Amino acid sequence: MFKVGVLASGTGSNLAALLEASASGSLPARVAVVICNVPGAGALQKAEAAGVPAICICHRDYPSREAFEAAIQEQLERHGVELVVLAGFMRILGAAFVRSWHGRLLNVHPSLLPAFPGVASHKQALDAGVRITGCTVHLVDEGTDTGPVVAQSAVPILPTDTEATLHARIQVEEHRLLPWAVGLFARGLVRLEGRKVHLDVPFPSGRLTVPGPESR
Ligand code: GRF
């Protein structure tokens with residue numbers, strides 16, 4: 001079974017979506033290890049509850065970013081990870097780490113990149129007055145949210161939206177999009193051609209959300 005490593009810092013709702021998709025069989029992959037840099041974070045608890053190795057590697061315990069990342073790398077290798085997913089991981093990863101996972105390091109971001117990269121994406125979208133935002137799963141490169149896009153899902157912005165309501169609706173889409181995108185990697189359907197990702201799956205043009213679970 002294709003092995004996924006998840007790096008997280010927060011509540012871990014995207015991790016939970018991966019765990020559920022894996023358990024239900026809709027995702028032909030299993031989460032082999034969860035690494036979290038925040039002691040006591042929800043992601044660690046969710047991993048433990050699912051019986052997945054949950055490891056806290058706190059950046060504060062290491063003298064340098066290189067040492068912190070080496071500790072992460074060691075655990076990923078120890079668990080035979082083939083694809084790394086950043087699911088709300090709030091540390092910038094260095095160039096050497098990113099290069100070592102070239103084409104095998106995914107991030108989920110709460111906007112339609114390249115719009116609204118970095119932090120506070122919901123606020124950026126509301127402040128910009130756009131009518132549609134969404135979420136993006138992309139390969140990670142050395143920039144901040146600049147890597148090749150794998151999949152996106154659109155979410156309308158309602159006149160009554162606050163950052164909190166928008167965040168909640170975007171997360172619903174993230175929880176569909178991320179397992180679907182990880183499934184493409186598990187099935188070997190992703191080809192990186194230069195800066196662009198080619199998917200060997202039918203994705204109807206004009207479609208704004210990913211296909212439903214039945215076709216994952
Ligand atoms: C997600 O909204 C993701 O887009 C962003 O961090 C958040 C993580 O949420 N990168 P969770 O911990 O998976 O609930």
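Excluded from the calculations below are hydrogen atoms, water molecules and symmetry mates; all remaining heavy atoms, backbone and side chain alike, are included. Keep in mind it's a predicted model, so treat the numbers as computed, not measured. One-based numbering, in listed order, for ligands and for the atoms of each.
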## Note on the structure
Closest to atom 14 (O) of ligand 1 among protein heavy atoms sits Ser13 OG, 2.5 Å
### Query
Just wondering, more than 12 heavy atoms not from Met1 lying within 6.0 Å of its CE?
yes
### Task
Please indicate whether His102 has more than 12 foreign heavy atoms, meaning atoms of other residues, nucleotides or ligands, lying under 6.0 Å from its NE2.
no
#### Entry: Aromatic ring pairing Phe68/Phe89, orientation class (parallel under 30°, perpendicular over 60°, tilted between)
parallel
### Task
Return a yes/no value for His167: is any of its N or O atoms, backbone included, closer than 3.5 angstrom to an N or O of ligand 1?
no
## Note on the structure
Counting heavy atoms under 4.0 Å, the part of Glu174 that contacts ligand 1 is side chain
### Protein heavy atom at shortest distance from atom 5 (C) of ligand 1
Val108 O, 3.7 Å
### Query
Identify the closest protein heavy atom to atom 6 (O) of ligand 1: which residue and atom is it, and at what distance?
Gly88 CA, 3.4 Å
### Message
So for Ala8, does at least one of its heavy atoms come nearer than 4.0 angstrom to any atom of ligand 1?
### Response
no
### Task
Please determine if Glu173 and Arg176 form a salt bridge, counting it only when a charged side-chain N lies under 4.0 Å from a carboxylate O.
yes
### Query
Can you tell me the protein heavy atom closest to atom 12 (O) of ligand 1 and the distance?
Gly12 N, 2.8 Å
#### Entry: Test item: side-chain donor near acceptor, Ser26 and Ser24, under 3.5 Å
yes
#### Entry: Backbone N/O of Gly134 and side chain of Ser153: donor-acceptor pair under 3.5 Å
no
### For Pro110, the ligand 1 atoms whose distance to one of its heavy atoms is below 4.0 Å
4 (O)
### Message
We want to know whether Ser111 and His109 form a side-chain donor-acceptor pair, criterion being a heavy-atom distance below 3.5 angstrom.
### Response
yes
### Query
Nearest protein heavy atom to atom 9 (O) of ligand 1, by residue and atom, and its distance?
Gln171 NE2, 3.1 Å
